[in-house]
Visitor: 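Below is the structure I would like to discuss, written out as structure tokens.
Order of the sequence lines fixes the chain letters, A, B, ..., with proteins taken first and strands second; residue numbering starts at 1 for each chain.
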Amino acid sequence: MERRKVLKNISLAAGGLITLPAWAQGWNRSSLSFPSFLTPRQDDLLVALVDTIIPTTDTPGAKDLDIHLFVQKMITDCYEPEVQDNLANGLVRLEEMAQQSYNTSFTECSPVQREALLTPWVTPLTPALPSEDLMASEAEPPAFFTLVKELTIRGYMTSEYVMTHHTDYTMVPGHFRGCVPVTA
Amino acid sequence: MANLAIDAAKKMTYDAIVIGSGISGGWAAKELAEQGLKTLVLERGRDVKHIRDYPTANKHPWEFAHRGEMPIEVRQQNPLGSRKGLFNEATAHFVVKDAEQPYIQDKPFDWTRGYQVGGKSLLWARQTQRWSDFDFEGPARDGYAVDWPIRYKDLAPWYSHVEKFAGISGNRDGIPQLPDGEFLPATEMSCIDAHFQTQIAKHYQDRQLIQGRCAHITEPQPIHIEQGRAKCMHRTLCSRGCPLGGYFCSNSSTLPWAEKTGNLTIRPHSVVHSIIYSNWKKRAVGVRVIDAQTNKMMKFKARIIFVNASALNSNLILLNSTSHRFPNGLGNDNGLLGKYIAWHNYRGRISAEYDGLPDYTTDGRTPNHSYIPRFRNVHRQETDFLRGYAAGFGGGRRKNRSEEGIGAQLKNKLLNPELGPWGVTAWMMGEVIPKESNQVSLDTEHIDPYGIPQLRISADWDENDDKMVQDYHEQFTEMFTLAGFTNIQTRDSHHAPGSDIHEMGGVRMGKDPKSSLLNEWNQLHACRNVFVTDGACMTSTGTQNPSLTYMALTARAAYHAVEELKKRNL
């Protein structure tokens, strides 16, 4: 009796989802076709950037999980408008760096080349700079890169794929045990 | 035609009106409707039906468009709302938007409100501790505030009454300053909590750590199953609304129970303007309501009125209920209405790490935590500040996730976090002394969107609160050190009052009409058919989470109201 009531309640709650306010709607590739503040070219650069931060290995990376769309969605809705310009300009700058260092587009660079371009921003103390002219003044990573990295990690770690395959996420644990042995 | 007019008048006339549908209003509705009174519950916000109106209850983290974060446009429209922890994609629909009810802050005050059917009972911390006579006798002992007109024995049977129905889990700990209740089995304690419990017992005679007592059903009784509520499944997504009814709230419990009697009418979108007093009948005869959807004023009549609008709003309504007899607000003959506001002091926090128990961790999630009952100034005044504090305590092991680097290396670190040491936190819940200077009043110039004067709030910390935070940090640093905790960090948030949420007083109970507003049954001394049983009635604040006491006071007052009606005294 009790169980039946519970099941009924849960299914009722699922039915309640149709009353969701617009901002609470779930998103997927199709619902994310919002007007982009990036040009198609900049969009490609962002895809390559998130793919460099969390690449495809034997498991899906940020690009495979559409994290670039999440990054754009966040910057469109949750940040001041100037952050959008900052990202667009930053991507252009990244492209210039690739052209100067490797004579090709950032999107055409090999994974090793892309990581090398970003390394000074990741570990600012590294002395080997790919281009003295462009990078000499960079004591700290540019804000756009820090933000994209932060959002990429957030989007990746809270993605359905990672939460269901790699972290111990469960919506209904059903219990709490206060003292269990650590398993390796 | 004439008959239609009579029908219309009937629809506007009830035996009882309850203003507010939160934790205490829900109880008033249940008790009065069960006793056969045709009861109208007025709620200023929208309807929230159990389950149907919990839109985010079953959403996974990845189903939120911004993974919880609110869009900048909404944040900019709600600078006050944005300060609330609940202002995220999972629960923002239960946060009052700034434009709904502007108010004036003489001093910064982060007023926390819940305007929907169920009020803040959907959002509360669900900790439920009884008061003891050490709390009721505080004001009489040190002279701050007035003596309570009741003692523990007056409330004890009503605590039992509400506990059995609401479903409270806990242990019978036998602590004089925290009386035992009608408990369902306690939730499980973690090994770090058990370690701290043992260490405290070893080093102190006057201090205990117990498992928190909380309004979660751990073992449903027939009364809970009859309500359609089930065992808590440890989702810990409580403030989205619980589809299982695993914790107690008006929406899953008291309100549907009252509705089943056929005696209840709930009217959402009903902003109460004032209570109508009849000079001729010498009692309150009804309330004026602004319909939030049409902006039209309506009047509803009743023989008794329960004011459960949440502490500060109950003050606002009474202050705005002026008449020839009561030019300064209903029942306000002594000029004390709105004064002696107090709350709880949550400023102090202490956290640390523990390197012991490396081979153990926890599994699942708990909606509860441990609790350290008040140990300061219990039997006698022993410090240079008045009253005391309780504390919540919780701990667990975090997985340390490195976000260094980029590429495959970063990815590998993200997916393979290292299990860190035990982390522990304890937060204080201090008693704030009611003072006349902490008060609310009606502003004479500014009105809200419904034409009601804006509430002017003037409340601030004082030296007693500062000293209490300092003592809390000293005592807990010592307790943490003795327990072998390391990397101990104390923090005084110095936040503005209001985000502590537990505001109380302004319409305090007392023995003497010269120094209080309400009698021992929560009736206005000067207008006996008006009962105030939410936080506004509190003479002092204790250190316990207050909701359980509001519930017990409400059920007790409702019982008395019905008795008095039967005797034709009201």
Visitor: Is A:Glu150 in contact with chain B via its backbone, its side chain, both, or neither, using a 4.5 Å heavy-atom distance?
Guide: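 Neither part, no heavy atoms under 4.5 Å.
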Visitor: Between A:Asp51 and chain B, with a heavy-atom cut-off of 4.5 Å, which part of the residue counts as in contact: side chain, backbone, both or neither?
Guide: neither
Visitor: Which atoms of A:Phe145 come close to chain B, meaning under 4.5 Å heavy atom to heavy atom: side chain ones, backbone ones, both, or neither?
Guide: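 Contact with chain B involves the side chain of A:Phe145 alone.
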Visitor: Could you look at A:Met157 and say if it's the side chain, the backbone, both or neither that has a heavy atom under 4.5 Å from chain B?
Guide: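 For A:Met157, side-chain heavy atoms alone lie under 4.5 Å from chain B.
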Visitor: Determine, stepwise, if the pair B:Met70 / B:Glu89 fulfils side-chain contact (heavy atoms from CB on, under 4.5 Å).
Guide: CA-CA 6 Å; B:Met70 294 299 284; B:Glu89 287 180 303; 4.1 Å; yes
Visitor: Where on B:Lys49 is there a heavy atom nearer than 4.5 Å to chain A: the side chain, the backbone, both, or neither?
Guide: neither
Visitor: Given the options A:Gly61, A:Pro55, A:Pro111, which has more heavy-atom pairs under 4.5 Å with chain B than any of the others?
Guide: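 Going by pairs under 4.5 Å, I would pick A:Pro55.
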Visitor: Go through the atoms of A:Thr167 and report whether side chain, backbone, both or neither lie under 4.5 Å from a heavy atom of chain B.
Guide: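 For A:Thr167, there is no contact with chain B at all, as no heavy atom is under 4.5 Å.
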Visitor: Which atom pair, heavy atoms only, marks the closest approach of B:His216 to B:Ser169?
Guide: O-CB, 3.7 Å
Visitor: Please give me the minimum heavy-atom distance between A:Gln113 and A:Tyr102, naming the atom from each residue.
Guide: NE2-CD2, 3.4 Å
Visitor: Could B:Asp173 and B:Arg213 be called an ion pair, given the rule that one side-chain N must be under 4.0 Å from one carboxylate O?
Guide: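 Answer for the salt bridge query: yes.
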Visitor: Is A:Arg114 in contact with chain B via its backbone, its side chain, both, or neither, using a 4.5 Å heavy-atom distance?
Guide: neither
Visitor: Which of the residues B:His60, B:Gln409, B:Lys399, B:Met189 is involved in the greatest number of heavy-atom pairs with chain A at under 4.5 angstrom?
Guide: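 Top count of heavy-atom pairs under 4.5 Å with chain A: B:His60.
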Visitor: Using 4.0 Å as the upper bound for N to carboxylate O, is an ion pair formed by A:Arg41 and A:Glu95?
Guide: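 Yes, A:Glu95 and A:Arg41 are salt-bridged.
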Visitor: Using non-hydrogen atoms and a 4.5 Å limit, figure out which bit of B:Leu419 sits close to chain A: side chain, backbone, both or neither.
Guide: side chain
Visitor: Which one wins on heavy-atom pair count under 4.5 Å against chain A: B:Ala408, B:Gly396, B:Pro358, B:Gly364?
Guide: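 Max contact count across the listed options: B:Gly364.
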Visitor: I'd like to know if B:Glu73 pairs up with B:Arg75 as an ion pair, taking the criterion as any Lys NZ or Arg NE/NH1/NH2 lying under 4.0 Å from an Asp or Glu carboxylate oxygen.
Guide: no
Visitor: Under a 4.5 Å heavy-atom cutoff, which of B:Cys232, B:Ala194, B:Gly407 has the most pairs with chain A?
Guide: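 Counting heavy-atom pairs under 4.5 Å, the top option is B:Gly407.
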Visitor: Only pairs of heavy atoms separated by less than 4.5 Å count here; which of A:Cys78, A:Ala62, A:Cys179, A:Ser159 has the most with chain B?
Guide: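 Top option by heavy-atom pairs under 4.5 Å: A:Cys78.
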